[in-house]
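One structure is given here, and the rest of the page talks about it.
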Amino acid sequence: VRVGILGGGQLGRMLALAGIPLGIGFDVLEPGPDAPAAALARHVVADYDDPEGLRRLAAACDVVTYEFENVPVDAARALARDVPVLPPPDALEAAQDRRTEKALFDRVGIPVHRYATVASAKELADALEHVGLPAILKTRRAGYDGKGQVVVRGVDDPAEVWGRVGGEPSIVESLVDFDRELSILGVRSGVGEIRFYPLIENHHRAGILRLSLAPAPAVTAALQAAAEAAAARVMEELGYVGVLAIELFQVGDRLLANEMAPRVHNSGHWTIEGAETSQFEQHVRAVAGLPLGSTAVRGYSAMLNLLGTTPDSTAVLSIPGVHLHVYGKAPRPGRKLGHVTVRADDPMDLRDRIALLERLIDRPG
Ligand SMILES: Nc1ncnc2c1ncn2[C@@H]1O[C@H](COP(=O)(O)OP(=O)(O)O)[C@@H](O)[C@H]1O
Ligand SMILES: [Mg+2]
């Protein structure tokens with residue numbers, strides 16, 4: 001079996017790292033010549049919407065998936081005429097635009113915080129009346145890692161705020177005073193079987209994921225069940241196949257959906273060492289038509305992103321229970337260059353190991 005991947009970043013690289021032992025080969029379509037996944041896959045160097053590149057990918061592969069959601073949906077649909085594309089392009093379309101994403105959550109009955117779509121400074125001023133302050137303005141498309149977002153605390157000059165998202169079609173949401181951020185990761189197979197990992201607790205800095213704890217501490221059975229039910233409704237609605245992540249805000253005992261990712265997710269990287277079957281292997285199994293694996297968890301895990309710099313490997317690997325992943329990307333401020341997963345059988349040991357790691361990370365190695 002050969003799996004094609006639209007996108008050749010670290011997620012594609014970790015998909016290949018998981019699939020190769022299963023006897024699966026990979027082809028990635030990615031315009032950049034030094035793509036992190038290219039070390040492990042055949043590399044079609046082409047733009048995501050290049051018909052010739054897409055044709056070559058379709059001809060080479062039995063199924064095509066994607067590792068980031070800003071692949072043009074038309075390209076995914078064009079591919080789907082020649083080769084199965086999973087998760088279905090409808091999922092890509094829904095996740096690509098914050099408005100269609102919220103509309104999907106509304107349609108399947110998943111609670112979201114107040115929001116309104118805006119296309120001008122005037123609409124922004126009106127929308128802020130409805131949504132209230134403080135609020136957060138986000139471009140509908142192409143945002144990631146907190147890019148294309150502006151927090152609005154006052155409305156002195158809507159035109160100035162509007163200018164800060166470049167006048168792009170946007171949504172404005174109430175800024176949620178959440179207790180914490182969580183994510184739910186599930187996988188649905190080609191025959192409709194669904195499995196979930198336990199809820200994960202996520203800590204962001206300036207809109208970028210910094211630390212994930214898995215399983216999230218102090219999760220009630222009711223909270224886990226609510227998150228699973230929400231994700232299952234999205235997957236059933238879309239006829240989904242593959243791994244799906246939904247980012248959630250916990251407020252008291254309620255969950256509000258923030259956004260979804262129709263792909264493997266940064267908050268699931270810990271599953272490589274912390275679960276019986278990683279999210280990457282599950283995604284490959286699902287899209288390749290293979291049975292799903294167990295999502296059983298091994299002890300307690302934390303994942304720390306390496307943002308902008310990578311630490312000294314010797315120091316990191318001296319800490320017990322640590323696993324280092326470096327993606328082979330050129331350093332740039334704030335860029336995700338790698339991650340560290342640390343595991344322990346006891347939550348107190350985990351806490352100590354995180355503290356040791358935090359002293360090493362963010363310092364150039
Ligand atoms: N409505 C909101 N209320 C409070 N915090 C928010 C809100 N929207 C986003 N954030 C914060 O910004 C982070 C990134 O926003 P998100 O919508 O997930 O966009 P991205 O596509 O950049 O991940 C969130 O994980 C959260 O920490
Ligand atoms: Mg997010």
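All ligand and atom numbering here is 1-based and tracks the order in the structure.
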**Q.** Criterion side chain to side chain donor-acceptor pair (under 3.5 Å) against Q10, the qualifying member of K329, H325, H339
**A.**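 It is K329, the one option of K329, H325, H339 that forms the side chain to side chain donor-acceptor pair (under 3.5 Å) with Q10.
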Q: Pick out which of E69, H283, E67, Q279 makes a side chain to side chain donor-acceptor pair (under 3.5 Å) with R263.
A: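 Per the side chain to side chain donor-acceptor pair (under 3.5 Å) rule, the option paired with R263 is E69, out of E69, H283, E67, Q279.
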Q) Under a 4.0 Å heavy-atom cut-off, what residues line ligand 1? A)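 Shell around ligand 1 (4.0 Å, heavy atoms): R98, H113, I136, K138, G143, Y144, D145, G146, Q149, E173, S174, L175, V176, F178, E181, H204, G207, E247, F249, N258, E259.
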Q | No-hydrogen, no-angle side-chain donor-acceptor test under 3.5 Å, Y115 and D106 | A |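 Their side chains do contain a donor-acceptor pair, which is all the 3.5 Å distance test asks for.
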Q: Ignoring hydrogens and angles, state whether a donor on the side chain of S267 or S183 is under 3.5 Å from an acceptor on the partner side chain.
A: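 The answer is yes; a qualifying pair exists.
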Q: Starting from the Mg ion (ligand 2), look over the N/O/S atoms of E247 and name the nearest one.
A: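 The Mg ion (ligand 2) is closest to the E247 atom OE1, counting only N, O or S.
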Q) When you measure from the Mg ion (ligand 2) to each N, O or S atom of E259, which atom gives the shortest distance? A)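 The Mg ion (ligand 2) is closest to the E259 atom OE2, counting only N, O or S.
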(Q) With a 4.5 Å cut-off on side-chain heavy atoms, are L128 and V172 touching? (A)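 The answer is yes; the side chains approach within 4.5 Å.
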(Q) Do L306 and V340 have side chains that approach each other closer than 4.5 Å (heavy atoms only, starting at C-beta)? (A)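 Heavy-atom side-chain distance check passes, below 4.5 Å.
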Q.
Closer than 4.0 angstrom, basic N to acidic O: yes or no for R180 and E201?
A.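 Salt bridge between R180 and E201, a charged N being under 4.0 Å from a carboxylate O: yes.
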